[in-house]
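So that the names make sense, note that chain A is the first sequence line, chain B the second, and so on, each numbered from 1.
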Amino acid sequence: MPSLLDKAYDPNRVEDRIYDFWLKGNYFSARPNPDKKPYTIVMPPPNITGQLHMGHALDITQQDALIRYRRMQGYEALYLPGTDHASIATEAKIVEAMREEGLTKEDIGREAFLERAWAWRDTYGTRIVEQQYKMGASADWSRARFTLDEGCSRAVVRFFVDLYEKGLIYRGERLVNWCPHCNTSISDIEVEFEEHAGHFYKVRYPLKDEEGYLEIATTRPETMLGDSGIAVHPEDKRYAHLVGKTAILPLVGRELPIVADNYVDKDFGTGAVKMTPAHDPGDYEVGLRHNLEQINILNPDGTINEAGGKYAGLDRYEARKQIVADLEAEGYLIKIEPHTHNVGGCQRCGTVIEPMLSTQWFVRMEPLAAPAIKAVREGDIKFVPERFDAIYFHWMENIRDWCISRQLWWGHRIPAYYCDHCGETVVSAEAPVRCPKCGHDHLTQDPDTLDTWFSSGLWPFSTLGWPDETPEMDYFYPTNTLCTGSDIIFFWVARMIVSGYACTDKAPFDTVFVHGMLRDALGRKMSKSLGNGIDPLEVIDKYGADALRFSLATGNAPGNDMRFYWDKVEAGRNFANKVWNASRFIMMNLGKAEIPETIDVSELTGADKWILSRSNDLVKEVTDNLESFELGIALQKVYDFIWEEFCDWYIEMVKPRLYSDEDETKSAALWTLKHVLLVSLKLLHPFMPFISDEIYMTLKEMSGDEGASSIMISEWPKFRTEWVFAKDAESIGLIKDAVSKIRNIRSEMNVPPSKKVNVYVVSESEKIRRIFTDSSIFFAVLGHANQVIVQTDKSGIADDAVSAIIPGALLFIPFAELVDIDKEIERLTREKERLEGELKRVNGMLSNPNFISKAPQAKLDEERKKQEKYNDMMKQVLERLEQLIQ
RNA sequence: GGAGGCAUAGCUCAGCUGGUUAGAGUGCCUGCUUCACACGCAGGAGGUCACUGGUUCGAUUCCAGUUGUCUCCACCA
């Protein structure tokens, strides 16, 4: 129980207890419920490689805000959590850990290795969940899944077998990206290119049967061991006479046919290209067209194999040195030039990858991509912000087959079996007992595992029970919003859409809500190597999860990158404290007072109606913003409302009524305070769930509502047409304006707050006089006035009283001391100049016939009203100036 | 080479379908132990909304180009 005596809010004393309360209340659980509409977000499963980072914190902040919003709106809101086995990433970590013990995978064998991996999963998987608790994630933990658990594995096998049977998965020898460090193939998108300062080696390739040589340029001289041809452009006059002839590979002596192919760029390098079909994607294609020999020269670990002759056994870079030295010694090397070019590295370990000929499993993507492209094209799936669909289309429309087999142990084993006797391939969910072709009963399962994204691509439905027809699939699928970073649109989002249509014939979700990258305060990517990552737990420890969530939810437009700032977290912490203290103030005043549930509008004062009206507007605005995924704007509005309008204005206005014993509107004030606070807390809850519930529950208990349920499942406020009080809003606007003017004058004249003065309000308008008379109680307090005297003319007001102009009225503050007339004239002159500027603009607009004839009526009315207002104020300024100058 | 984002106050950023006195947080200056909050209150300074054109009655907002910057895709040896 919080103490009203705590002046500062301490999240550490609240958050864990509140989370526990939620867990005990079973508030996160969602189940098929025919009386409600479902709303589902599947959590992007964090890798079990380590712990949560800021990117995850951002994910959770957004997803949890959306889920909490929908839950309060009455949806059966399912936030489905889980973790990803992250095949290659985790395996790399484990291998690394083992190396410190002096062990390799091969030393301990597959089974023991997998045992270690599962132990790893238990350790890190648990830690991640604890971190998600800390963030306040309202996920249904009873449904937590793991990509390698039994159900997900069944889905993976089913998907694989289905695709195979449809002819969309095939096995074959192709050129793939090979990581010599991870010792596995990887897919095209797992290769990251980086600019390297390398060299261009120019080498002479002698011609057979005639004098002379061809000049060949290469960045990877060692690959010449696998050369099996030379290509030139068919229209290149320099080489036309050589097409069909033969060159000799230096050092090796192999005969190389010279072929003509459009692939070659005449203007790059020397225009003659050595062809290494087994180690270069472009050469591979040319090789197929011209029937060039494919000579694999590499071992899986990146050393030269026996095809490399005397270089066999050397590491690829060692071989490069040797070959260059030998070329030079034998007079083949023409020169070495510096050359920067892009080199592909392994996404996980950074090792330079080698294109290598290898037998692997592939998914034929083109037919699968078709419905996925159509879905986005036709709006069945929407990207927010929209611009990301262009990236999606570009990739999907140029999609290439996906290499899915990995020479790793930690992952889903490929459900393919090879007959030991006849070599027949059997793809099947169950291990076959005998070969369907020859009947032999010894079959060996493919040792490889699947790309980790093959299983995460099924996440939206494998987690709901697919391939079984479960009630969850029926009710929660298709899911609604998929929130993720822009960096994994290809890896994950595209694959989920593809497999969603392939498996369920439906879109896996209707909206993809994309956020940018989270960077450090200097705008750099947060990364381990830079050591600039910030641990969300550290932030939570210092400032609380609400403050962290605040900092991640606000001040950022959807899809844009954002920087992490401690200052911003501090702002969130300060806001939490503000909310805490405002609530504390309200609760202290509520005390044991009996506040009715509802109140008749006639009992409310203008100020009450104003704040009620404003909170009502806020409900609409925040709801609209959330509907369009403008989370940052939504939270900003709640922040501004609570801090400025509610605390700085309304609470201050209401104080005199609360402190008075005989004020008849006191209970109306208390009712309004309580009501507006409740609405504010509800609107705040999706973003700052802990503090909002802590206060909500305390309020409930104070009201004698023992055993009340969490704000989490309270009803999201609705806009109420009967709470639109335009007139009161206008009146309070005028009062606020007047108060600001008075404060400004006092400040400029260095009048200490302790010094009270009288304020005269002079207006010919009865309406305005009434507004000030009605509000004189709080007007006096906010303006530090002794007395507020409202009258129709200036009679009785000292000539040297300081004045301020507001629309429709003049304010006078007579000071006992002599007023500096010059300073007063200066002040009024500034006001005059400001009004002149405004009038110039308005008059210009309204005297423009084009504006009059073309602008919409509403705009015309608006500007005319302004013109009237400014004219009125200008008249008063001039009068007053004239009076002073005399 | 192709595509896209960003460029607004000292700093970090909002500003939705064109019309606002261009905002917030933080920082800065001045006052304030005002009985919820100094993690606070009040007042204030600070912006030719990158540049050049175009569309429009009207452009920070839409379009084109330029410059700077970041990202993604491709990866020509």
Using a heavy-atom cut-off of 4.0 Å across all strands, would you classify [X] as base, sugar-phosphate, or nothing?
X	value
A:Tyr565	sugar-phosphate
A:Arg743	sugar-phosphate
A:Gly282	nothing
A:Lys756	nothing
A:Lys525	sugar-phosphate
A:Arg841	sugar-phosphate
A:Asn342	base
A:Met517	nothing
A:Val781	nothing
A:Arg524	nothing
A:Phe575	nothing
A:Glu570	nothing
A:Asn556	sugar-phosphate

Take atom [atom1] in [N] and the same atom in [M], then report the distance between them in whole Å.
N	M	atom1	answer
B:U33	B:G23	C1'	32 Å
B:U12	B:U55	P	36 Å
B:G5	B:G47	P	30 Å
B:A38	B:G31	C1'	14 Å
B:U21	B:G2	P	44 Å
B:G10	B:C51	P	14 Å

- Task: Between protein and nucleotides 25-35 of chain B, map the contacts as a letter string: B base, S sugar-phosphate only, - none, heavy atoms under 4.0 Å, written 5' to 3'.
- Result: SS---------

- Message: Using a 4.0 Å heavy-atom cut-off to protein, can you give one letter per nucleotide of nucleotides 4-9 of chain B, 5' to 3': B if the base is in contact, S if only the sugar-phosphate is, - if neither?
- Response: -S----

- Anything under 30° is parallel, anything over 60° is perpendicular, the rest tilted; go ahead and classify A:Phe575 against A:Trp643.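 The rings of A:Phe575 and A:Trp643 lie parallel, inter-plane angle below 30°.
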
- Can you label the angle between the A:Phe564 ring and the A:Trp566 ring as parallel, tilted or perpendicular, going by 30° and 60°?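 Answer is perpendicular, since the angle exceeds 60°.
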
- Rounded distance (Å) that lies between atom P of B:G18 and atom NZ of A:Lys854: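 For the pair A:Lys854 NZ and B:G18 P, the rounded distance is 17 Å.
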
- Atom NZ of A:Lys7 and atom P of B:C41: how far apart are they, to the nearest Å? 14 Å

Closest approach to the side chain of [X], judged atom by atom: which nucleotide of [options] is it?
X	options	value
A:Asn744	B:U21, B:C39, B:G43	B:G43
A:Arg563	B:C75, B:C57, B:U12	B:U12
A:Ala557	B:C37, B:G15, B:C76	B:G15

Do [X] and [Y] touch side chain to side chain, with heavy atoms closer than 4.5 Å?
X	Y	answer
A:Glu215	A:Arg204	no
A:Val376	A:Phe388	no
A:Arg830	A:Arg834	no

Would you say [N] has OP1 or OP2 under 4.0 Å from some side-chain N or O of [X]?
X	N	result
A:Lys655	B:A36	yes
A:Tyr392	B:C72	no
A:Asn850	B:G58	no
A:Lys578	B:C37	no

- Item | Qualifying residue for ring pair (Phe, Tyr, Trp, His ring centres under 6.0 Å) with A:Phe550, from A:Tyr639, A:Tyr565, A:Phe687 | A:Tyr639

- Based on Watson-Crick and G-U pairs with both distances under 3.5 Å, what dot-bracket line describes RNA chain B 5' to 3', crossing pairs as [ ] and inter-strand pairs as |? (((((((..((((.....[...)))).(((((.......))))).....(((((..]....))))))))))))....

- Item | Polar side chain donor-acceptor pair, A:Glu621 to A:Asn625, under 3.5 angstrom |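 No pair is found: no donor N or O on one side chain lies under 3.5 Å from an acceptor on the other.
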
- Item | Donor + acceptor pair across side chains of A:Asn871, A:Gln867 (<3.5 Å) | no

- Exercise: identify the closest heavy-atom pair between A:Ala855 and A:Leu860: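 Heavy atoms of A:Ala855 and A:Leu860 come nearest at O-CD1, 4.1 Å.
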
- Query: Hey, mind stepping through A:Lys274 and A:Met224 against side-chain contact (heavy atoms from CB on, under 4.5 Å) and telling me if it holds?
  - Reply: CA-CA 8 Å; A:Lys274 67 187 212 48; A:Met224 66 183 284; 4.1 Å; yes

- Message: Against the six-membered ring of A:Phe585, is A:Lys655 placed for a cation-pi contact (under 6.0 Å from the centre, within 45° of the normal)?
- Response: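 Yes, cation above the ring, under 6.0 Å and within 45°.
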
- Query: Considering residues, nucleotides and ligands other than A:Lys756, do more than 12 of their heavy atoms fall under 6.0 Å from its NZ?
  - Reply: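 Counting other residues, nucleotides and ligands, NZ of A:Lys756 exceeds 12 neighbours.
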
- Would you call A:Lys866 and A:Glu862 a salt bridge, taking side-chain N to carboxylate O under 4.0 Å as the test?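 So A:Lys866 pairs with A:Glu862 through a salt bridge.
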
- Note on the structure: side-chain hydrogen bond (donor to acceptor under 3.5 Å, both in side chains) with A:Arg316: of A:His279, A:Glu354, A:Glu222, only one passes, and it is A:Glu354

